[in-house]
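Heads up: the structure comes next, in C-alpha cells.
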Number of protein chains: 2
Amino acid sequence: MSPKPAATRVTSSQVAKLAGVSRTTVSFVLNDVPHMGISEETRERVLGAARQLGYVPNAAARSLVSGATRTVAIVTPHSEHLKVDAFIPRMLAGVNDTCHAHGYKVIFEPIIDTGRTGGGFIEMVDSRRVDGLIAINTPRIDDVHLARLASEGFPLVVFGSQLIEHTNIYSIDVDMREASRVATRHLLSLGHRKVAYLGFASDEYHGVTERLYGYRDAMREYDLGSEFERIGFADFSAQSGCDAMEAMLDRGPSFTALFAGNDTIAFGAMAALRKAGLRVPDDIAVVGYDDIPLAAFAAPPLTTMRTSPYEQACEASDLLVRLMAGERPVELHSMMAVPLVVRQSCGSPVASTIPPSTAAGGSGAKSGLA
Amino acid sequence: MSPKPAATRVTSSQVAKLAGVSRTTVSFVLNDVPHMGISEETRERVLGAARQLGYVPNAAARSLVSGATRTVAIVTPHSEHLKVDAFIPRMLAGVNDTCHAHGYKVIFEPIIDTGRTGGGFIEMVDSRRVDGLIAINTPRIDDVHLARLASEGFPLVVFGSQLIEHTNIYSIDVDMREASRVATRHLLSLGHRKVAYLGFASDEYHGVTERLYGYRDAMREYDLGSEFERIGFADFSAQSGCDAMEAMLDRGPSFTALFAGNDTIAFGAMAALRKAGLRVPDDIAVVGYDDIPLAAFAAPPLTTMRTSPYEQACEASDLLVRLMAGERPVELHSMMAVPLVVRQSCGSPVASTIPPSTAAGGSGAKSGLA
DNA sequence: TTGTATGCGTTATCAC
DNA sequence: GTGATAACGCATACAA
C-alpha cells in the first residue's frame, strides 16, 4: 500500500549495538536525562555511534509514547485568502517564526475548503496530530467546536472571532468596530458627509459586520445615516473591490469618500474610480484597512488602519506556546487597538474641521458626483 | 514534561469492548478491509460504537506501523517572503489545495530562518515526519541535500532551482531567462534603448541571476550593453524596490524604461519614480514580473510576465502525490513558458517598432532623464 | 467469521 | 552505572 521510502532508517537499537550498550543507555544519552550517571566515555561512544549512523529518532514512535507531536496547526478559512490578500500570509509568517523558535512545526490548515459543515479541524486534534491550535478568522459555524476544544483544556488561541463572551477561550482580537469608527471619523473630520462603505466579504465573517457597525457608529455620531446605496460588498480580492465599486458607481451614487473594508479591495476600488475618471483624493477620498505592505506604495499612498498581523500572530503564538507548556494565564482575552496611518489618499481637509453632531448637515461636504 | 491534553482519548480497544468484538474486527471494519467477510450486523455495531465514542485513530500509532504520515512539507526560503511578497502565498495555496484533495496535511517550512547552514529540512525526512517534500526556490546551498534525497528515492519535487542537470530530481521550472528576454524585448521593441534592470534579491537565488542574464541577452540582441549604473538590486519588498530606485536616480542615471525583477519591487520603484516627479509610462516605461493580484490594479496597470504560482504549485503537488503513490514518471523535468501580459505601464510605442540588431543605436529611444 | 499474537521505535520503570 | 521489560495504539499474519 504505502511504499516505504528508501531513505535511511536507523533505529536506536543499531546505535546501541554499534556503541556496545543497551537501547536504554542510548535513550538516556541522547535525551540528556540527568542524574543517570552515564560515564563520559560511554556518552561519547553513544554520541559518536549516533552521528556515524546518522541516527534521527522516529517522530511517530516518539510521539506515540510521549503524547506530544511538537506540531501546531494554524486554522484559517479558504486558502483563497492566500491568493488574493496579504493578511493571512503575514499572520502565517508570525505563527511560523514564533512556533519554530520554540521547536514546533506548523501545519497550515484552511478549513472551508474541506467542504465540511464546520469543525473540520477537530480531527487533527482527536487524532493527536497537533499539540495546539491557532484559529484565525474562522467563520461563526466553527465557534461551537472552538468552545468545545477550549473547555476540554486543549491549547487553543482564537484570533479575530470576537468570542469574548466565552470564559474559557483564549483569544486575541483587534477592536475592529472602534477601528472602523476611527477610519470613518477621519473622513468625516475632513469635512466629508457622503461616505461610502465597502465590505470585504460576506457577513459570514465576524470582521465584516464589526466594521459595518463601526462605520454606522461614526456616521451616527455626525447625525448621518448610512444609506443603502452607499454600501457595497466585495469578496476579498482587488478584482471584487473593483467590481463592487463599478456597481456602486452604476447605481448613480453620490459620495465624496470611501471607507474600504480592507486595502486589497481599496486597490480595486481606486482602479474603478480611476477608470471612471474620478481622482483620488481630489474627487473621492479613500481610507483602507490593514496597511498591507503595498498600501504605502499605492498611487496615491493609501491612508489606512494599521492592523499588524505579523505582530499579532507572534503574540497569539507566544500565548499558545505557554498553553502547551501547561501554563494557564489568567488573562483570557486581549483586545488590541490599531492606529490610523495617514498618507495621501484623503488629501487635505475639505472645509475647516467640524466637530461631530454640531455640524449643520452636509454643509461642509464636497459637491461630489451627483 | 509534556502535559497530556485533556481531550478525549478513545482507543480502538474501547470501541471493541462497546461493540462486543475484538480490536482486530474493529480495525477491519474501520479500514474497510475487503474479503474479510464481516457480517453486516457486526459492521453496523462497530461503526455505531465508534461514532458513539467519537473514536478517531491515533495518527502516531497509525503512522508508526504503516510507515506513512499523510503529511507533506513545503520547503521555502525565509518566512519573510510571506510578509512582503505574493509569490510564496499563492504557491502555498496551490500546494495546500492539491495535497488536501489527496488527504495530505501540509507543513509550511521556511528553512533559512532556522539558521542552519543548509539542509534544515533533512531532519523532517529522517525522522519520518513527512511522506514527501516540495522545495520552492531554495538557495543553492541546499542543492546537495536535495540531490541526496532524490537519489535515495524519497518523494521530492523541486521548483525554481534549475537543477535540470540532475538526472534523478523531479523538477518544475519556468524558463526565467527566456521570460526576462521577452520582458526586456518588449521594452526594446517599443523603442526604448536605455533600459534599466532591478533585481529582486541577492544572487544567492537562482532566479535573480537567471533574470539578469535574460535581460542582458535581450540587450545584446539589440547591440546594447548593460551598463552598471542602470542595474540595481532590491530585496523582495516594495520598500526595497523604492529604495533601490531612489539610489539609481541619485546616481544620475539615464534610462527611459525599467524591467523590475518582480511586481512587488516594481510597485516600490514606481512610487519612487512618482516621488521624483517622473510619470509612468510617459517618462519611464515599466515591466514587472509575476503578475501578482494587485498588478492589474496598479496606477497605471502594470505590464508584467505572468508566472502562475498557484497553477504551478498544483502541478508540482500532483507530481508529488504520484511519487508518493510509488509512481515514477519518466519525465523528470518540466520547463514552463510564461506569457507577457500587456497593460498600460509601458504606454504606446516610442517610435515605430525597430527590429533587433538592425536599429541604429539609440536613435529611436526617448530622450529620458539625462 | 472472529480472536490471538506480534511488531513498529521510543521512552520510562524497574531491578541488578 | 547499566540493562531487561513494559507500555504507547494500531495493523495484520495466522490460528481457531
Side-chain angles (χ1 to χ4, degrees), chain A residues 1-2 4-5 7-46 49-50 53-70 123 126-129 131, chain B residues 1-5 7-17 19-46 49-50 53-70 123 126-129 131:
Chain A
M1 207 84 213
S2 53
K4 303 242 176 179
T8 43
R9 194 190 215 103
V10 184
T11 72
S12 65
S13 302
Q14 298 177 38
V15 176
K17 181 151 42 149
L18 180 59
V21 297
S22 74
R23 291 207 314 274
T24 312
T25 308
V26 171
S27 179
F28 285 161
V29 171
L30 264 34
N31 295 329
D32 268 330
V33 179
H35 309 305
M36 272 309 166
I38 306 285
S39 74
E40 195 52 38
E41 188 227 326
T42 351
R43 172 181 205 74
E44 286 304 325
R45 222 172 43 232
V46 170
L53 261 34
Y55 170 71
V56 177
N58 179 298
R62 179 178 281 201
S63 88
L64 181 58
V65 55
S66 75
T69 59
R70 304 300 291 180
E123 191 187 338
D126 287 342
S127 67
R128 315 225 62 78
R129 282 176 82 117
D131 298 342
Chain B
M1 207 84 211
S2 54
K4 303 240 176 181
T8 42
R9 192 188 216 104
V10 183
T11 72
S12 65
S13 302
Q14 299 178 37
V15 176
K17 181 151 43 151
V21 298
S22 76
R23 291 207 316 272
T24 313
T25 308
V26 171
S27 180
F28 284 163
V29 171
L30 263 35
N31 294 329
D32 268 329
V33 180
H35 308 306
M36 270 309 165
I38 307 285
S39 74
E40 195 52 39
E41 188 228 326
T42 346
R43 170 180 208 75
E44 284 306 324
R45 222 171 44 230
V46 170
L53 262 33
Y55 172 71
V56 177
N58 179 298
R62 178 176 281 202
S63 88
L64 182 58
V65 55
S66 75
T69 60
R70 304 299 291 179
E123 192 188 338
D126 287 343
S127 67
R128 316 226 60 78
R129 282 177 80 117
D131 298 342

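Numbers restart at 1 for each chain; the letters A, B, ... are given by sequence-line order, proteins then strands. Quick caveat, the model's predicted, so the values are computed rather than measured.
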B:Asn31 CG to D:dC10 P: how many Å, rounded? 10 Å
Does B:Ser12 reach a base, just sugar-phosphate, or nothing at all? Heavy atoms under 4.0 Å. sugar-phosphate
For A:Thr24, which contact category applies under a 4.0 Å heavy-atom criterion: base, sugar-phosphate, or nothing? base
Tell me what B:Ser27 touches on the nucleic acid: a base, only sugar-phosphate, or nothing, going by heavy atoms under 4.0 Å. base
5'-most by nearest nucleotide on DNA chain C - A:Thr11 or B:Ser22: B:Ser22
Measure NZ/A:Lys17 against P/C:dG9 and give the value in whole Å, please. 13 Å
How would you label the contact of A:Thr42 with the nucleic acid (heavy atoms, under 4.0 Å): base, sugar-phosphate, or nothing? sugar-phosphate
Sugar-phosphate only, base, or nothing, as touched by A:Ser13 at under 4.0 Å among non-hydrogen atoms: nothing
How many Å lie between CZ on B:Arg128 and P on C:dT10, as a whole number? 12 Å
Separation of atom CG in A:Leu64 from atom P in C:dC8, rounded to whole Å: 14 Å
What is the distance from CZ of A:Phe28 to P of C:dC14, rounded to the nearest Å? 12 Å
For the residue pair B:Gly67 and B:Asp131, what are the closest heavy atoms and their distance? O-OD1, 4.4 Å
Checking D:dC8, C:dG7, C:dG3 against the side chain of A:Val65 (C-beta onward), the nearest is D:dC8
Can you find a side chain N or O atom of A:Ser66 that sits less than 4.0 Å from OP1 or OP2 on D:dC8? no
Provide the closest heavy-atom pair for B:Tyr55 versus B:Thr11 in the form atom of the first, atom of the second, distance. CE1-C, 3.5 Å
Below 4.5 Å, heavy atoms only, C-beta onward: do A:Thr42 and A:Val29 meet side chain to side chain? no
Ignoring hydrogens, what is the shortest heavy-atom contact between A:Ala16 and A:Arg23? Give both atom names and the distance. CB-N, 3.7 Å
When you check the phosphate oxygens OP1 and OP2 of C:dT10, does a side-chain N or O of A:Arg23 lie under 4.0 Å from one of them? no
Using whole Å, report how far CG of B:Asn58 lies from P of D:dC8. 12 Å
Give the rounded distance in Å between these two atoms: CZ of B:Arg45 and P of C:dT2. 8 Å
Round to the nearest Å and state the distance from A:Leu30 atom CG to C:dT10 atom P. 9 Å
Show the nearest heavy-atom pair for residues B:Ala68 and B:Ser63, with the distance to one decimal. O-CB, 2.7 Å
